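Okay, so here's the structure we're looking at.
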There are 2 protein chains.
Amino acid sequence: MADAFSAAAEPTRRRLLQLLAAGPKTVSELAEHFTATRPAISQHLAVLADAGLVTARKEGRHRHYSVVPAGIAQLRAEIDRFWSTELELLVADATKRATTHPEEHHS
Amino acid sequence: MADAFSAAAEPTRRRLLQLLAAGPKTVSELAEHFTATRPAISQHLAVLADAGLVTARKEGRHRHYSVVPAGIAQLRAEIDRFWSTELELLVADATKRATTHPEEHHS
DNA sequence: CGAATAGGTTAGCGTGGACTTACGCATTTG
DNA sequence: CAAATGCGTAAGTCCACGCTAACCTATTCG
């Protein structure tokens with residue numbers, strides 16, 4: 001099984017996951033949101049499926065793709081594992097500094 | 001400025017960020033944790049720097065790399081924007097189902 | 001000053017990934 | 001049944017990317 005983090009990071013696949021999070025959709029429906037051709041979207045979906053993030057349910061001549069909750073949970077776990085305590089503290093420090101001294105942001 | 005999400009997704013760079021989160025380090029110190037050569041690590045650091053995630057402080061003949069809190073905060077924002085409400089609900093549903101009916105997990 | 005250390009830069013290589021075009025297969029519909 | 005629809009797959013192209021080897025610069029130390 002592929003690395004969920006890497007699979008989900010690609011911009012097109014990121015959007016695909018967001019679109020599918022709102023509910024199941026067919027490949028053609030999804031492809032309408034992109035400039036890329038339908039086969040390209042189909043291949044992206046295959047990558048996501050290989051990472052266990054989406055699955056397809058066959059229904060007539062349609063293929064309804066939907067998100068796999070367990071896969072999304074695993075992706076979440078990967079993100080959380082990456083997002084260590086140290087990084088969390090750094091962000092907390094950064095946002096605190098930004099709200100306290102907004103103009104000290106010399107570019 | 002490059003996409004922080006994509007930059008941080010690459011496995012080697014993911015580890016670099018985690019190592020740097022624990023505190024500033026030189027390129028050689030970082031390179032010890034990998035099988036890749038030092039120039040490779042140096043290039044990964046350049047990618048992270050281009051994404052605004054790390055910065056280098058020159059000190060003698062050493063370059064101490066460290067994480068940029070503001071960049072990490074922006075990465076966090078990108079992740080949060082990706083992690084929409086729908087995805088959150090799916091995960092909540094998945095974990096709930098897993099803890100409630102553990103054996104219904106037919107592979 | 002010359003050797004050694006730290007590290008950025010370049011050129012070039014190989015691979016993978018994103019993409020398109022073309023095709024094949026199933027399913028529905030007239 | 002024939003045309004049309006929905007979609008996966010194969011083949012081929014192109015480019016970005018990760019990597020190494022080689023080189024160059026700056027700094028420290030004998």
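Just so we're on the same page: letters track the sequence lines, and every chain starts at 1. Nothing here was measured: the structure is a model prediction, and the numbers come from that model.
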**Prompt:** Reckon Lys58(A) has a side-chain N or O less than 4.0 Å from the OP1 or OP2 of dT27(C)?
**Reply:** yes
**Item:** Student check: side-chain heavy atoms of Gln43(B) and Val47(B) closer than 4.5 Å
**Value:** no
**Prompt:** Counting only side-chain N and O atoms of Ser28(A), is one of them less than 4.0 Å from OP1 or OP2 of dC7(D)?
**Reply:** yes
**Asked** Of all the choices, dG8(C), dC19(D), dG8(D), which nucleotide is nearest to the side chain of Ala36(B) once you look at every atom?
**Response** dC19(D)
**Prompt:** Does Thr12(B) have a side-chain nitrogen or oxygen under 4.0 Å from the phosphate oxygens OP1 or OP2 of dG18(D)?
**Reply:** no
**Asked** Can a side chain N or O of Ser42(A) be found less than 4.0 Å away from OP1 or OP2 on dG8(D)?
**Response** yes
**Asked** Between Thr35(A) and Ala46(B), which has a closest nucleotide on DNA chain C that is more 5'?
**Response** Ala46(B)
**Prompt:** Distance check: side-chain N/O of Arg61(A) vs OP1/OP2 of dC7(D), anything under 4.0 Å?
**Reply:** no
**Asked** So which nucleotide from dA22(C), dC19(D), dA21(D) ends up closest to the side chain of Pro39(B)?
**Response** dA21(D)
**Message:** If you define the side chain from C-beta out and look only at heavy atoms, does anything of Leu16(A) sit under 4.5 Å from Val54(A)?
**Reply:** no
**Message:** What's Phe34(A) touching, base or sugar-phosphate or nothing? Going by heavy atoms closer than 4.0 Å.
**Reply:** nothing
**Request:** Specify the residue among His62(B) and Glu10(A) whose closest nucleotide of DNA chain C lies further upstream toward the 5′ end.
**Result:** His62(B)
**Prompt:** Does any donor-acceptor pair link the side chain of Glu59(B) with the base of dT27(D) at a separation under 3.5 Å?
**Reply:** no
**Prompt:** Counting side-chain heavy atoms from CB outward, which of dT21(C), dG8(D), dA18(C) is closest to His44(A)?
**Reply:** dA18(C)
**Message:** Counting distance alone, no hydrogens or angles: does the base of dG8(C) have a donor or acceptor under 3.5 Å from a partner atom on the side chain of Arg38(B)?
**Reply:** yes
